[in-house]
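For reference, the structure is listed below as structure tokens.
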Amino acid sequence: MKNEAPHGPERRGFRHRLRELRVTLWTLIVPPSVWAVHFLFCYLWVAVSCAKLGAFPRFTTAFVIGTAVAEAIILASGWIAWVQTHTPGDPAPHDQGTDIDRLRFLAVSTLLLAGLSFVAVIFTAVPALMLTDCR
Amino acid sequence: MSLHAQDDPALRAAQEERLREVWKPPTGWFFRWTDTNNNQVGVWYTLTAFGFMLFAGVLAMIMRAQLAVPENDLVSPATFNQLFTLHGSMMMFLFAVPMFEAVSIILLPQLLGARDLPFPRLSAFGYWSFLIGGVFVSGSIFFNVAPDGGWFMYPPFTTRTDLSGLGADIWMLGLSFIEVSSVAAAVELIVGVLKCRPPGMRLNLMPLYAWYILVVAVMILFAFPPLIAGDVLFEMERLLGWPFFDQAKGGDPILWQHLFWIFGHPEVYIVFLPSIALFAMIVPTFARRHLLGYPWIVLAAVGTAFLSFGLWVHHMFTTGLPKISLAFFSAASEAVAIPTGIQIFAFIATLWAGRVVWSTPLLYVTGSLAIFVIGGLTGVMVAIAPFDWQAHDTYFIVAHLHYVLIGGTLIPLFGGLYYYWPLITGKKLSDRLGRTAFWFLFAGANLTFFPMHFSGLLGMPRRVFTYPAELGIGGLNLASTIGSWVFAAGVAIVCVDLALSPRREKSPRNPWEAGTLEWLAHPDDEDWGIRSVPLIESRYPIWDQKDFVKKVDEGRFFLPDAEEGRRETIVTSVLDARPVQVVRLGGPSIKPMLTAIALGSVFILTTYHLYWAALVGAVVTLGMILLWLWTGTAEIPEKDCKPIGHGIELPLYISGASASGWWAMFITMMADATAFSGLVFGYYFFWTRHEDFPPSGAGLDGPGAFWPMVALAVSLAGWLMTIGARETNRRGMVGAARALLALGAVASLAAIGAGLAGPWLSGLAPKLHVYPAIVWTLVIWTTAHAGVGAIMQLYTLARSVAGKMTPKYDADVRNITVYQHFMALTAVVTYATIGLFPGAA
Ligand code: HEM
Ligand SMILES: [Cu+2]
């Protein structure tokens with residue numbers, strides 16, 4: 001609800017527009033989906049290289065880049081969610097049936113999922129970067 | 001006093017009479033089974049699943065008796081194989097998953113303040129399929145033909161017909177049939193949670209149980225189809241000799257393990273999360289406060305669901321995959337402990353912060369958490385690959401899996417039973433018997449399964465019918481057997497308690513003083529679900545909203561009446577639960593039951609290789625489904641809108657993305673696409689495993705690029721024409737729409753011919769080698785879907801001609817367009833793979 005947020009000039013910037021983004025169930029699953037894609041990417045790439053070339057993938061830097069990209073997307077969605085959790089409006093504890101509380105709820109959940117996904121991506125990246133052979 | 005019409009008691013009584021009339025179950029010794037009210041079906045479902053659990057439990061007791069002393073000969077090795085296979089399969093497929101669906105079918109309508117879930121006839125169909133398939137599979141043991149390959153049925157022993165008999169077919173076909181009904185229930189539950197919440201119940205006010213059910217149902221959608229794909233390949237190998245898992249002909253048994261465990265690991269969470277969902281209802285009630293950390297629980301549910309799909313290889317640590325692959329899955333396995341732990345801490349914190357009322361259900365909750373945590377810890381142990389290499393296929397694993405399943409599924413369900421029994425029957429169970437039973441179960445489970453850790457580490461392998469005395473594990477096994485009898489005594493006490501229930505007095509309404517919607521239910525149950533659909537403003541409306549129960553009962557909320565004599569409920573929007581439609585629900589009908597029987601006959605007759613009879617069954621099934629759709633869906637209402645009270649008018653017919661039917665189609669197609677990706681995975685898997693894939697030679701040469709591209713082109717034409725039909729119909733050009741539908745059907749039929757022409761003309765011989773076999777499978781899958789597409793297009797054409805579909809009432813064409821989108825995607829993947837993939841062309 002637009003008119004419920006204070007409209008000071010400093011509020012009109014980028015953050016303000018982020019808050020207006022439509023969050024849905026689909027945005028909620030962005031961070032874990034990134035984890036899933038990263039996971040599959042690592043697994044399939046190693047598996048196919050080992051099976052077809054008989055050797056560990058040659059461009060190991062691609063893992064670093066892939067991991068960095070994945071973490072960047074997760075951080076971005078986490079940051080957007082963080083901004084949205086600070087949407088001004090209703091008083092705590094934010095569990096009412098209002099538009100803002102629903103937005104905050106989805107934002108908090110997304111933020112938490114971003115945290116979990118961030119850690120999980122690191123978990124996957126560690127073996128990819130540490131072990132570099134096919135045995 | 002307000003001027004509200006509901007103040008008039010006579011009016012209210014008349015409304016109640018109308019509602020009662022509409023929701024009245026059919027009577028008569030046979031026709032009472034044709035009811036489709038989820039209240040009823042859910043109860044049958046629960047009882048049936050409970051019965052299968054007891055049966056599978058008896059099998060376990062026989063196994064434990066055999067293993068009580070070394071070198072025992074109570075049962076033969078062959079019987080023992082059947083016992084553990086059937087025990088494991090029944091517990092997982094006929095108890096744990098169906099039980100969750102059954103319970104949810106009862107609870108969800110109540111919990112969501114809906115009259116009923118959106119597709120009651122689908123639930124009934126699912127139930128009858130479950131019953132028929134379940135009796136078929138479990139009955140096999142009485143004829144000594146029960147499956148005997150373990151619940152994961154690893155080939156090649158199970159695919160080679162000289163090493164395994166009818167049992168393997170019974171497992172594959174019987175359980176595939178049941179998987180169909182699981183997917184049907186998942187559709188019902190997802191659409192129910194997303195579209196049938198009461199007005200005002202936004203996502204952030206949804207009961208946690210509903211969140212978990214949503215997550216679990218989505219998991220079923222992505223977990224079961226790969227197994228269905230595996231089943232298809234498996235039966236093709238057994239019945240037709242197509243060598244998917246036969247090493248000698250280019251196949252690979254490891255493919256089965258992948259497809260099985262992509263299903264099998266998430267399955268563990270599919271049966272665990274619903275029990276946690278029960279905790280999420282029980283804990284706040286007895287802590288007398290809101291559950292702490294609502295978003296944390298949602299995080300945990302969604303996070304677990306995702307991560308659990310990255311774990312399957314931890315069941316394959318010893319198959320010789322590269323260590324680096326093992327490392328990925330080991331990492332994901334450790335990561336999943338995080339969200340699991342979070343949920344448990346949320347419960348502990350809530351209990352800590354609340355004023356705890358110590359009750360029987362809560363005793364079950366805490367006890368099962370204790371057991372589950374031990375299982376979780378050994379889980380972290382076996383997720384570390386080197387440890388697993390030691391423990392794999394020993395009794396250590398049996399101990400681990402039972403700690404998880406007993407603590408994470410079985411005892412929570414008993415807790416839920418004690419908690420929700422008053423909701424179903426209006427009577428409480430006995431606290432004294434309940435607590436006694438609990439201590440038997442708790443002591444029994446630990447005494448049975450704790451020693452197994454040691455017998456496993458001392459070298460007792462899984463799935464052996466006996467062991468030598470020199471191994472020195474006789475004592476441990478005897479302890480396990482005694483423990484299992486203690487456990488069984490606990491189950492028996494629960495059964496006694498249930499049996500005594502009819503003689504007990506009714507308990508007061510909402511006996512636990514809970515705050516969530518399902519406790520609106522009255523001890524003298526009415527079949528209408530809820531007297532009026534409430535407006536929700538809080539997570540615990542009974543606690544927080546003023547005069548809530550009274551207002552619901554006096555019909556002061558929405559839809560308090562059934563003027564037109566139809567079963568109805570309200571459909572709302574996904575995020576914010578704004579009311580969008582009054583949907584008319586299917587009433588009692590014999591069609592779901594007959595359809596289930598017809599479909600069951602297809603599976604059962606195929607098991608006995610009676611292919612012609614099975615074909616007849618398939619045609620009958622198709623006819624039944626068409627009849628069902630024709631008479632029961634997308635009905636044009638007698639008027640556009642109806643008032644639901646408080647000055648709100650809602651349409652009776654909507655189509656497109658806000659309609660529940662559209663969602664059902666979309667979700668079903670997600671499952672279908674997942675099964676298809678299982679088959680495509682097979683193709684590329686074989687490619688990674690073999691240097692010469694695709695091979696060449698007589699009977700092995702690929703279909704070339706020409707025919708696959710023709711097939712792709714006509715498939716896409718059929719897709720575009722369907723879209724065209726939707727658009728022209730919407731703009732009122734009915735003639736053009738009909739022509740496009742007819743042309744679309746022609747294109748779909750042409751796609752069948754062109755699709756089959758490729759492998760046919762190049763003479764691919766599927767028995768020769770796995771390459772022709774998988775190409776044929778992909779083509780058959782795709783052309784069969786084209787055939788279904790043609791039937792849908794012709795059906796829609798007929799609907800239009802019969803005046804059952806018009807430019808305004810166009811749900812049929814919109815829904816088949818969803819199907820066609822997925823069809824187009826399938827065609828692109830299949831024909832690009834077989835026609836363009838390097839080496840194939
Ligand atoms: C007191 C109750 C139970 C007892 C005494 C028991 C006992 C056993 C025994 C002796 C085995 C065979 C181990 C082997 O030789 O490989 C087994 C396997 C199994 N059990 Fe249970 N069980 C019980 C409850 C459950 C429950 C509640 C579930 C699931 C919800 C379950 C799922 C399984 C599975 C999946 C297997 C593996 C079957 C296979 O290896 O193919 N069990 N159980
Ligand atoms: Cu697992």
Side-chain angles (χ1 to χ4, degrees), chain A residues 22-25 28-29 31-36 38-40 42-44 46-52 54 56-57 85 93-117 119-128 130-135, chain B residues 194 199-206 211 214 218 290 293-307 309-310 313 321-336 338-339 342 535-541 544 574-577 681 684-685 687-691:
Chain A
R22 261 173 57 87
V23 282
T24 67
L25 278 177
L28 176 79
I29 56 174
S33 304
V34 173
W35 165 80
H38 176 260
F39 181 85
L40 271 185
C42 292
Y43 169 57
L44 290 180
V46 171
V48 170
S49 308
C50 285
K52 281 287 155 187
F56 199 79
T85 59
H94 307 298
D95 56 3
Q96 304 293 299
T98 61
D99 283 353
I100 292 188
D101 281 359
R102 199 262 286 145
L103 174 80
R104 276 174 178 274
F105 158 71
L106 279 175
V108 175
S109 305
T110 312
L111 182 63
L112 295 174
L113 278 166
L116 177 66
S117 309
V119 177
V121 167
I122 293 181
F123 272 38
T124 313
V126 168
M130 308 279 282
L131 304 177
T132 45
D133 72 58
C134 283
R135 268 172 294 138
Chain B
L194 291 179
M201 186 186 276
R202 295 174 179 233
L203 278 184
N204 61 327
L205 300 187
M206 215 158 89
W211 266 108
L214 178 64
V218 171
H290 294 201
Y294 182 92
W296 288 87
I297 298 272
V298 175
L299 146 92
V302 177
T304 311
F306 268 88
L307 292 177
F309 279 90
V313 166
L321 296 179
K323 307 282 174 300
I324 173 82
S325 304
L326 305 190
F328 291 139
F329 287 90
S330 188
S333 306
E334 307 297 347
V336 80
I338 302 171
I342 288 175
L535 178 70
I536 299 298
E537 293 159 8
S538 149
R539 282 179 201 153
Y540 297 87
D544 302 342
V574 171
L575 284 184
D576 289 330
F681 173 79
Y684 289 98
F685 178 80
W687 170 70
T688 60
R689 301 291 273 195
H690 300 291
E691 288 303 316

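Each chain gets a letter, A, B and so on, in the order the sequences are listed, and its residues count up from 1.
- With a threshold of 4.5 angstrom between heavy atoms, B/Leu575 approaches chain A through its backbone and through its side chain.
- The contact between B/Ile338 and chain A is made entirely by side chain atoms (from C-beta outward), counting heavy-atom distances below 4.5 Å.
- Considering CG of B/Leu203 and CG of A/Leu103, their distance stands at 11.5 Å, rounded to 0.5 Å.
- Nearest heavy-atom pair across B/Ala331 and A/Thr124 is CB-N, 4.4 Å.
- When heavy atoms are compared at a cutoff of 4.5 Å, A/Ala128 approaches chain B by way of both its backbone and its side chain.
- Nearest heavy atoms, A/Leu113 versus B/Val302: CD1-CG1, 3.9 Å.
- Between the side chain of A/Lys52 and the main chain of B/Arg689, no donor-acceptor pair closer than 3.5 Å is present.
- When all heavy atoms of A/Leu116 and B/Pro339 are compared, the closest pair comes out as CD1-CD, 3.9 Å.
- Of the two parts of A/Ile29, the backbone and the side chain both hold a non-hydrogen atom closer than 4.5 Å to a non-hydrogen atom of chain B.
- Side-chain contact check for B/Leu307 versus A/Trp35: some heavy-atom pair is nearer than 4.5 Å.
- A/Phe39 pairs in a ring pair (Phe, Tyr, Trp, His ring centres under 6.0 Å) with only one of the listed residues (B/Phe329, B/Phe306, B/Phe309), which is B/Phe329.
- Annotation: B/Trp211, atom CH2; neighbour count of heavy atoms from other residues, nucleotides and ligands within 6.0 Å is above 12.
- Residue contact with chain A, scored on non-hydrogen atoms closer than 4.5 Å, involves the side chain of B/His290 exclusively.
- No other option in A/Val119, A/Leu28, A/Asp101 has as many heavy-atom pairs under 4.5 Å with chain B as A/Asp101.
- Residues A/Phe105 and B/Leu205 fail the side-chain proximity criterion, which asks for heavy atoms closer than 4.5 Å.
- In this structure, the portions of A/Ser33 lying under 4.5 Å from any heavy atom of chain B include both its backbone and its side chain.
- For the options B/Arg202, B/His690, B/Lys323, B/Glu691, heavy-atom pairs under 4.5 Å to chain A are most numerous at B/Arg202.
- In this view, A/Arg102 and B/Asp576 satisfy the side chain to side chain donor-acceptor pair (under 3.5 Å) rule, not counting sequence neighbours.
- Using a 4.5 Å cut-off between heavy atoms, A/Leu131 contacts chain B through both its backbone and its side chain.
- The two residues B/Glu334 and A/Phe123 have their closest heavy-atom pair at CB-CE2, 4.1 Å.
- The shortest distance between side-chain heavy atoms of B/Phe328 and A/Val46 falls below 4.5 Å.
- Residues passing the side chain to side chain donor-acceptor pair (under 3.5 Å) test with B/Ser333 are B/His314, sequence neighbours excluded.
- When heavy atoms are compared at a cutoff of 4.5 Å, B/Thr688 approaches chain A by way of both its backbone and its side chain.
- Proximity to chain A (any heavy atom under 4.5 Å) is shown, for B/Val336, by neither the backbone nor the side chain.
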